[in-house]
Structure formats: structure tokens, C-alpha cells
Asker: 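I have a structure here, written as C-alpha cells, and I will follow up with some questions on it.
Note that these values count all heavy atoms, side chains included, but never hydrogens, waters or copies made by symmetry.
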Amino acid sequence: MTNHVPVSLDQIAPLYVRTDGLRGRLALVCEGGGQRGIFTAGVLDAFLEEGFDPFDILIGTSAGAQNLAAYMCAAHGYAREVISGYTTRAEFFRPLHFARGGDLVDLDWYFEVLGQTLPLDTRTGQKRLGGRELLFCSTRARDYRPHYFRPADGDWLLGLKASSAIPLFYRAGVDWQGERFVDGGVADAIPVREAYRRGARTIVVVRTLPQHSRFSLQWARRLEGWIGRERLGDLLQIVEAHERCFNDAHDFIRRPPADARVIEIFPHRPLQSRVLGSTRAQLDQDYQLGRRCGRYFLQVLGPAVMTVAAQ
């Protein structure tokens with residue numbers, strides 16, 4: 001069996017893949033991507049519909065962390081409602097405010113809504129989690145190193161906000177225990193290596209970009225040439241850190257260690273939705289695509305993954 005198994009609606013190959021190479025602890029890893037996380041919401045809702053939850057380790061970054069929180073709390077449709085109904089509002093996405101020097105996104109308003117209007121049932125989440133690991137990846141601002149919040153140890157929303165605090169778009173970051181944290185995509189955009197480090201040997205990773213996407217710094221280099229590196233401030237350093245971790249994760253997924261298997265669920269084409277500024281129609285289309293991909297995965301590889309979990 002190949003170490004890397006792609007699962008997308010336009011690929012028939014997984015139907016003929018031997019699954020006897022799946023082994024070890026199971027991990028579910030969810031990439032970020034802002035509103036593109038609606039695709040992941042569809043995948044995980046398909047999992048919830050079938051009661052599919054065999055994972056020992058669950059790690060998400062930014063929108064991926066928010067999706068995993070809803071999944072662990074058995075909140076079917078929650079992530080879809082939040083992304084479609086609240087990240088599209090003027091209270092959240094504020095380009096004019098950003099042009100005047102403010103934040104592009106109002107995470108304070110957003111997480112206040114999640115805490116008061118649409119609270120997750122974290123008691124159910126903690127009960128379903130049991131002794132398993134659920135981690136929300138964030139980035140320590142002083143050195144751009146990853147930090148993995150454990151919701152079992154504290155406030156779920158604090159960890160989710162820290163994981164989602166995109167630098168420059170939400171400048172304050174999140175303070176916790178004397179440190180400031182920003183979006184996990186800066187340090188560990190797709191935390192597959194962390195899942196492996198924690199003992200996972202079969203890793204299911206849900207992407208929000210097509211299979212062969214890589215991150216390019218060409219636009220940032222052009223900007224540096226136009227206005228100078230010193231005027232970019234921390235922007236270039238942040239973007240460079242994201243490039244390194246994104247492409248490193250991409251290489252791990254393509255060529256996992258010999259004792260690991262990576263099953264990659266991804267859209268077969270670029271999603272209609274964007275990081276920010278998507279329409280509800282675009283979001284709904286990508287949600288339905290994610291749900292179909294999730295059901296396809298369950299049909300093709302779900303039984304083999306469950307067998308590994310039972311070992």
C-alpha cells in the first residue's frame with residue numbers, strides 16, 4: 001500500500017487501494033483556511049451523520065480547530081451555520097475599517113457571539129473526548145513557534161480564538177499566561193508532523209486546497225522590492241514562517257515516514273469560497289462538496305479505518 005492515499009471525488013484509485021497497511025494510533029488533522037473551512041464542515045458533518053469517530057488524536061489549525069470543536073461536541077451543522085451566518089456579516093468582516101487602520105475581522109464580536117448566542121455543548125465534547133487528545137494549534141508571537149491548546153485544560157473559546165487570530169487582520173492577538181498568541185497557520189498550517197510526533201501512524205488529513213497546492217512567496221518578494229523590507233515590518237517574517245510550515249507539511253503528506261500512512265481528503269478543484277469575503281451561495285456549494293467527499297471517504301476507506309481503531 002502506498003503511504004499516501006488521496007481521497008477526492010474525481011479519483012477512482014482509492015477504490016483499489018489495499019488497506020492492510022493502516023496501523024497504529026489514528027489522527028484526524030484539519031487544515032485552516034478561513035471561510036474555506038466550510039469544506040471541512042461538510043466532511044465532518046458527513047462523519048457525524050454516520051457516527052464515525054475512531055480517532056485517538058485530533059488536531060486543527062484556525063478554521064480547522066473550530067470545525068474539530070464542533071465535531072467533538074457532536075454539533076452537526078454548527079460549523080456550517082457559524083461560517084455562513086456570521087463570518088459573512090458586516091460586524092465580522094470590515095474592509096473599510098481595515099482601510100482606515102483598524103482590524104479586518106472583529107474576532108471579539110465573533111467569539112462573543114459563539115459564547116453567548118451559539119454556545120457549544122462543551123460538556124458533551126469533554127465526555128466524547130474522554131482520554132483522547134484534542135488540540136487547537138496556535139503560534140507564539142515572540143518566536144513564531146507552534147503551541148497546541150488543550151481544551152480539556154481550559155477555555156475552549158480561548159484556544160479557538162488564539163488559533164484563529166490572523167496577524168495583521170486581527171492585530172491584538174490573544175494573551176494567555178503572559179504570552180501572546182496568533183493564528184496557528186503561521187507556525188503549523190497542517191499539523192501532520194505533530195500528529196506523527198504524538199504517536200499517530202494512520203493520519204486522516206482534511207485539506208481546504210487541492211492536492212498539489214503549494215505556498216509561494218513571489219507576491220511578497222515583489223512587495224519587498226517595491227517598498228523595502230523594513231517597511232513591511234513583521235509581515236514578511238510571518239509570511240515566510242507560514243511558507244516554511246505549509247510546504248513542510250505538504251512534503252510530509254506526499255512522502256510520509258515508512259511506518260506511517262496519510263489519507264488526504266481534499267477538494268478536486270479550487271473551492272468557490274475564499275479566506276474572507278465569500279458569498280453564502282459559494283459557501284453552500286463548498287459545504288455540499290465537502291459533505292460528498294466525506295461520504296465518499298466513508299464508503300471507500302471508512303471500514304478499514306474502523307478496523308484499525310478496533311485493534
Side-chain angles (χ1 to χ4, degrees), residues 27 29-34 37 57-70 72 87 92 98 101-116 119-120 122 125-126 129 132-199 215 220 229-230 232-249 275-276:
V29 172
C30 293
E31 182 179 17
I57 305 167
L58 304 96
I59 313 179
T61 294
S62 195
Q66 294 182 46
N67 271 297
L68 282 180
M72 186 51 58
T87 69
F92 176 75
F98 183 67
D103 290 331
L104 182 62
V105 295
D106 190 342
L107 282 190
D108 298 327
W109 171 84
Y110 178 74
F111 280 98
E112 183 177 349
V113 167
L114 297 193
Q116 298 182 9
L120 279 169
T122 55
Q126 295 284 28
L129 182 60
R132 299 182 290 170
E133 290 186 276
L134 172 63
L135 304 167
F136 305 148
C137 178
S138 187
T139 299
R140 194 167 58 191
R142 64 179 167 87
D143 56 7
Y144 301 122
R145 299 291 298 171
H147 176 84
Y148 303 94
F149 282 88
R150 296 170 54 92
D153 295 338
D155 185 348
W156 289 56
L157 290 184
L158 176 70
L160 292 175
K161 187 175 182 180
S163 184
S164 306
I166 303 174
L168 305 177
F169 292 176
Y170 178 75
R171 294 178 174 86
V174 172
D175 293 323
W176 183 68
Q177 295 188 350
E179 294 276 6
R180 188 169 69 92
F181 296 90
V182 297
D183 189 285
V186 175
D188 200 356
I190 318 170
V192 285
R193 286 191 185 275
E194 183 64 20
Y196 180 80
R197 190 184 71 79
R198 290 175 181 265
F215 187 81
R229 188 181 184 97
E230 65 282 355
L232 286 177
D234 292 336
L235 173 61
L236 197 58
Q237 190 174 356
I238 290 169
V239 173
E240 287 173 341
H242 174 72
E243 179 199 31
R244 287 192 298 270
C245 74
F246 183 91
N247 290 336
D248 178 68
V275 173
L276 291 166

Asker: When you measure from the side chain of Asn67 to the backbone of Gly37, do you find a donor-acceptor pair of N or O atoms at a distance under 3.5 Å?
Answerer: yes
Asker: Got a sec, which residues hit side chain to side chain donor-acceptor pair (under 3.5 Å) with Ser138, two or more places apart in sequence or on another chain?
Answerer: none
Asker: Let me confirm one number: the CD1-CD distance from Ile59 to Glu133, rounded to the nearest 0.5 Å.
Answerer: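 Reported value, rounded in 0.5 Å steps: 7.0 Å.
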Asker: Would you please name every residue forming a salt bridge (charged side-chain N to carboxylate O under 4.0 Å, His left out) with Asp175, sequence neighbours left out?
Answerer: none
Asker: Quick one: is the NZ or CZ of Arg244 closer than 6.0 Å to the six-membered ring centre of Tyr144, and within 45° of its axis?
Answerer: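 Arg244 over Tyr144 ring: no.
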Asker: On a heavy-atom basis, which atom in Asp188 and which in Cys245 lie closest, and how many Å separate them?
Answerer: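 That closest heavy-atom pairing would be N-SG, 3.7 Å.
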Asker: Does the pair Cys137 and Glu194 meet the rule for a side-chain contact (heavy atoms from CB on, under 4.5 Å), with working shown?
Answerer: CA-CA 10 Å; Cys137 178; Glu194 183 64 20; over 6 Å; no
Asker: Checking Leu129 against Gln126 for the side-chain contact (heavy atoms from CB on, under 4.5 Å) test, could you report, in this order, the C-alpha distance in whole Å, the side-chain angles of both residues, the deciding distance, and whether it holds?
Answerer: CA-CA 5 Å; Leu129 182 60; Gln126 295 284 28; 4.0 Å; yes
Asker: Which pair of non-hydrogen atoms, one from Gly173 and one from Ala165, has the smallest distance, and what is that distance?
Answerer: CA-CB, 4.2 Å
Asker: Determine yes or no for a side-chain-to-main-chain donor-acceptor pair under 3.5 angstrom, with Asp103 supplying the side chain and Arg171 the backbone.
Answerer: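 It does hold such a pair.
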Asker: Are the side chains of Tyr110 and Leu160 in contact, using a 4.5 Å heavy-atom criterion?
Answerer: no
Asker: Where is the tightest heavy-atom contact between Phe136 and Ala69, given as atom of each residue plus distance?
Answerer: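 Looking at all heavy atoms of both residues, the shortest contact is CZ-CB, 4.0 Å.
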Asker: Heavy atoms, side chains only, cut-off 4.5 Å: are Leu114 and Leu120 in contact?
Answerer: no
Asker: Heavy-atom distance under 4.5 Å between the side chains of Leu158 and Phe111, does that happen here?
Answerer: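 No, side chains not in contact.
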Asker: What orientation do Phe181 and Phe149 show, parallel under 30°, tilted 30 to 60°, or perpendicular over 60°?
Answerer: perpendicular
Asker: If you round to the nearest 0.5 Å, how far is CG of Asp143 from CD of Glu179?
Answerer: 7.5 Å
Asker: Is a side-chain N or O of Ser163 found less than 3.5 angstrom from the main chain of Ser62, in a donor-acceptor match?
Answerer: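 Yes; at least one donor-acceptor contact below 3.5 Å.
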Asker: Could you pull out all residues at least two apart from Thr139 that satisfy side chain to side chain donor-acceptor pair (under 3.5 Å)?
Answerer: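 So Thr139 forms no side chain to side chain donor-acceptor pair (under 3.5 Å) with any residue.
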Asker: Give, for atom CZ of Arg142 and atom CZ of Arg140, the distance between the pair rounded to the nearest 0.5 Å.
Answerer: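 It comes to 4.0 Å.
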Asker: At what distance, to the nearest 0.5 angstrom, does CG of Leu107 lie from CD1 of Ile166?
Answerer: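 So the gap between those two atoms works out to 7.5 Å.
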Asker: Could you walk me through whether Thr87 and Leu276 satisfy the side-chain contact (heavy atoms from CB on, under 4.5 Å) test, starting with their C-alpha distance in whole Å, then the side-chain angles of each, then the deciding distance to 0.1 Å, before giving a yes or no?
Answerer: CA-CA 8 Å; Thr87 69; Leu276 291 166; 5.7 Å; no
Asker: Using 0.5 Å steps for rounding, measure from the CG atom of Leu157 to the OG1 atom of Thr122.
Answerer: 8.5 Å
Asker: Give the intermediate values and the outcome of side-chain contact (heavy atoms from CB on, under 4.5 Å) for residues Trp176 and His147.
Answerer: CA-CA 11 Å; Trp176 183 68; His147 176 84; 3.5 Å; yes
Asker: Ignoring hydrogens and geometry, is there a side-chain-to-backbone donor-acceptor pair from Arg150 to Gly159 under 3.5 Å?
Answerer: no
Asker: Is it true that atom CZ of Arg145 has more than 12 heavy atoms of other residues, nucleotides or ligands lying nearer than 6.0 Å?
Answerer: no
Asker: What distance do Thr61 atom OG1 and Asp183 atom CG have between them, rounded to the nearest 0.5 Å?
Answerer: 7.5 Å
